[in-house]
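Taking it in order: structure first as structure tokens, then the write-up.
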Amino acid sequence: MSERAAPFYCPYCGDEDLRPSEQGHGTWECAACNRAFRLAFLGLLARGVNRGSADHEGHDHV
């Protein structure tokens with residue numbers, strides 16, 4: 001799969017005027033604050049996700 005997730009806002013100023021950068025994969029430019037940044041997926045956490053018990057704690061189901 002070649003689709004990439006795009007950021008919704010700049011992590012520095014919060015503006016939404018972002019464009020992919022020519023600097024390479026995962027790099028973005030913010031027109032509002034004139035910053036460039038890189039996003040990267042590092043991997044899954046070793047402990048995993050345990051949603052089964054967290055979603056149902058303290059809730060009574062009828």
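Side chains included, hydrogens not; waters and symmetry mates left out as well; all remaining heavy atoms used.
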query: Should side-chain heavy atoms under 4.5 Å link Ile, Leu, Val, Met, Phe, Trp and Tyr, which residues sit in the same cluster as Phe41?
result: Leu44
- prompt: Do Phe37 and Thr27 come within less than 4.5 Å of each other through their side chains, counting heavy atoms only?
  reply: no
- prompt: Taking only residues at least two apart or on different chains, which pairs with a member in residues 25-46 satisfy salt bridge (Lys or Arg N to Asp or Glu O under 4.0 Å)?
  reply: none
Show me the donor-acceptor pairs within less than 3.5 Å that the side chains of residues 6-18 make with the rest of the protein, sequence neighbours left out.
| unit_1 | atom_1 | unit_2 | atom_2 | d |
| --- | --- | --- | --- | --- |
| Asp15 | OD2 | Asp17 | N | 2.9 |
| Asp17 | OD1 | Arg19 | NH1 | 2.9 |

